[in-house]
Amino acid sequence: SIGRPDDKTEMLTYVHSLPSGERRAPEGALVMLIDKRQIHTWLEEITRSNQGTIYIKNAEGQVLLHTGSGESLMTMQEGNPSTISVSAHSARSGWEYVSAVPDEVFWGKVGTVKSWALSVLFIYLFGGIGACAFLTYRAYQPVREIIRLISEKKQPSPSTYGNEYEFIKTAVKDAFVQKDAINDRLKEQVPVIRSHFLQRLLKGHVDAQAVSDQSLEFMEIGFRHAYFGVALIKLCGMGAEEQEKTERVWAIMRFLTGKLVEDHPLYCFHCVELDKDLVAVVLNVSEKDHHQKASLYEWLGNIQELISGQFETGVIVALSDLHPGMEQVPVCMDESMKALDYSIFTENRSVLVYDDMKHRSGLVYDFPVDTEVQIIHAVKNGETEKVEQLIGNLYRSNLEMEHKEPELARLLFANLLSTLLKLLNALNLKYEDLFEPGLKPLEVINKADSVDDMHAFVMSLFQQVCEQVR
């Protein structure tokens, strides 16, 4: 220290031998006094920012200079764990320079970053948990709806299963099993459905234009060609022994007849049972086969001989003309029935062809009960086109043949007038309200000059009734 006793200034002494580096016999020495306060000022600027302490020790461990209070220095020297110290040792002078910084200051910024990191982590953690909960709820909603829907139809409840997915898996598996069972049962019913459809088609109860290819494919019906015909196979001549077995024997014979025909395919056809002793074969032939009927007659003759030999009984086969379009199948059916009725006049005839008998004597006309029923049904529904088609079929089948007598036309149209009057009564319609006063239909028919005039007149009466019904 230098100065007066009441105003001493602590100084640091720096001695350097001269010449420089001479230690044994120096000729002189350079002595420098350094004001401690100046060094304190510099060190305070450093320690102010980090709230730490810097001190310098000599080789003997004596503290030459320090910043801060003596208490903080003692704390640093005792190696308080709440501080972090960094020291540097001078090999030349043996001094040690120590900087001690409190833990909270040294790690302050790290702690701030850590706090921010933890905050962000918790924010994302809770946000992720919330998002997962929302997405899980949203994703589970359809599953819950499916489970609720299945639970309404299925027993037992989902609680008896391990989890919801096992419940859904079991339900779907059961549904496929049931679907397969239904498809199997439906396939078993296809022959019945096909038979019912063919019966309705033969009777004229099917709208041919409304039948789609998908419907025919479902019933396993293949109508690929343009021309249609109907062949009727009548089983007859059963002995007394077979007559006693009745329905059982007839059923077996009808079934085997259809199978025998199917086992000898030549054309596209389908068999259907119509009556106890009657089986119909709906034929579908190409235009080429339509012009070459000899092979068709031969095939039917072979079928007749095969069935007759199998059952040892009489068999009659009746064949209609071939007509274009599925809507003509009822016409073919009528022609086959007419040919079959003609069998009472023939002997030892295997195949009766409508084309052969329609040119024979026209002493009778044909007005089937089924046709009359169809006309009545069509008029009640107001189906004018259907009525025109049915009456046109009657007209062509009875009055466009050779050797027809005029009186037969008058009888036929008189019969149609009788059907019309029955319809008026059934529909609660008055004759006077529909037709001209004083109109006498029978007189008009008797005085008509031609069959076409009769046909046009009767057709106009039916058209008026259909319009009134609509």
Side-chain angles (χ1 to χ4, degrees), residues 200 202-207 275 320 327-342 344 354 357-358 360-470:
R200 292 173 51 244
L202 290 169
K203 293 178 182 178
H205 297 167
V206 173
D207 185 1
D275 206 346
S320 69
E327 66 277 3
Q328 295 298 319
V329 171
V331 177
C332 298
M333 179 64 183
D334 290 340
E335 293 177 355
S336 296
M337 291 298 296
K338 292 175 185 178
L340 190 64
D341 293 338
Y342 192 74
I344 60 175
Y354 176 77
M357 54 82 58
K358 70 180 181 181
R360 295 179 179 271
S361 176
L363 299 178
V364 295
Y365 73 92
D366 183 75
F367 189 5
V369 176
D370 288 344
T371 302
E372 185 178 24
V373 171
Q374 293 177 36
I375 292 174
I376 293 173
H377 181 72
V379 173
K380 286 182 177 180
N381 292 329
E383 299 177 354
T384 306
E385 295 180 0
K386 183 70 173 179
V387 174
E388 292 176 354
Q389 179 185 353
L390 293 170
I391 294 178
N393 291 339
L394 282 175
Y395 177 83
R396 287 187 293 273
S397 62
N398 287 284
L399 302 177
E400 287 187 351
M401 303 178 188
E402 296 178 2
H403 311 302
K404 286 295 181 183
E405 297 291 336
E407 291 302 318
L408 287 178
R410 294 189 175 91
L411 289 174
L412 174 62
F413 290 114
N415 203 342
L416 285 170
L417 288 175
S418 174
T419 301
L420 181 66
L421 294 175
K422 288 188 286 186
L423 271 169
L424 294 178
N425 292 331
L427 297 172
N428 293 324
L429 298 175
K430 292 184 179 181
Y431 180 87
E432 297 79 11
D433 296 337
L434 290 175
F435 308 115
E436 299 176 1
L439 178 64
K440 298 180 180 180
L442 289 177
E443 289 186 7
V444 174
I445 289 176
N446 290 329
K447 294 180 181 180
D449 295 330
S450 66
V451 175
D452 291 336
D453 293 339
M454 300 180 196
H455 176 245
F457 172 72
V458 173
M459 195 65 254
S460 67
L461 299 181
F462 276 91
Q463 290 173 347
Q464 293 181 55
V465 176
C466 289
E467 292 175 0
Q468 184 66 26
V469 171
R470 289 202 301 270

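One finds the CG atom of Leu394 at 11.0 Å from the CD atom of Gln389 (value rounded to the nearest 0.5 Å). Rounded to the nearest 0.5 Å, atoms CD (Glu383) and CG (Asp207) are 8.0 Å apart. Put simply, CD1 on Ile391 and CZ on Arg396 are 11.5 Å apart, with the number rounded to the nearest 0.5 Å. For the atom pair CE (Met337) and CG (Leu202), the distance works out to 10.5 Å, reported to the nearest 0.5 Å.
Residues that satisfy the side-chain hydrogen bond (donor to acceptor under 3.5 Å, both in side chains) test with Asp334, not counting sequence neighbours, are absent from this structure. Scored by the side-chain hydrogen bond (donor to acceptor under 3.5 Å, both in side chains) test, Asn381 finds His377 as partners (sequence neighbours excluded). Residues that satisfy the side-chain hydrogen bond (donor to acceptor under 3.5 Å, both in side chains) test with Glu388, not counting sequence neighbours, are Gln463. Under the side-chain contact (heavy atoms from CB on, under 4.5 Å) criterion, Asn428 pairs with no residue, sequence neighbours left out. Taking the side-chain contact (heavy atoms from CB on, under 4.5 Å) definition, one finds that Gln468 meets it with Leu429, Leu434, sequence neighbours left out. For Thr371, the side-chain hydrogen bond (donor to acceptor under 3.5 Å, both in side chains) test picks out no residue, with sequence neighbours left out. Glu443 meets the salt bridge (Lys or Arg N to Asp or Glu O under 4.0 Å) test with Lys440; sequence neighbours excluded. Applying the side-chain contact (heavy atoms from CB on, under 4.5 Å) criterion to Val373, with sequence neighbours excluded, gives Val369. Residues forming a side-chain contact (heavy atoms from CB on, under 4.5 Å) with Ser320 (at least two apart in sequence, or on another chain): Val230, Cys332, Glu335, Ser336.
The two atoms that bring Leu442 and Ala414 nearest to each other are CD2-CB, 4.2 Å, heavy atoms only. Contact between Lys386 and Gly204 at its shortest, heavy atoms only, is NZ-O, 3.5 Å. For the pair Leu390 and Ile375, the tightest heavy-atom approach, listed with the atom from each and the gap, is CD1-N, 3.6 Å. Closest of all the heavy-atom pairs between Leu461 and Pro441 is CD1-CB, 4.4 Å.
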Exercise. How far apart are the C-alpha atoms of Val387 and Met459, what are their side-chain angles, what is the distance that settles it, and do they pass the side-chain contact (heavy atoms from CB on, under 4.5 Å) test?
Worked result: CA-CA 8 Å; Val387 174; Met459 195 65 254; 3.7 Å; yes
Problem set entry | Pair Phe462-Thr384, side-chain contact (heavy atoms from CB on, under 4.5 Å): steps then yes or no | CA-CA 8 Å; Phe462 276 91; Thr384 306; over 6 Å; no
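Atom NZ of Lys203 has 12 or fewer neighbouring heavy atoms from other residues, nucleotides or ligands inside a 6.0 Å radius.
Between Asp370 and Met333, the closest side-chain pair of non-hydrogen atoms is not below 4.5 Å.
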For residues 417-424, please give each side-chain donor-acceptor pair under 3.5 Å, one per line with the distance, not counting sequence neighbours.
residue : atom : partner : partner atom : Å
Thr419  : OG1  : Glu372  : OE2          : 2.8
Thr419  : OG1  : Asn415  : O            : 3.2
Lys422  : NZ   : Glu372  : OE2          : 3.0

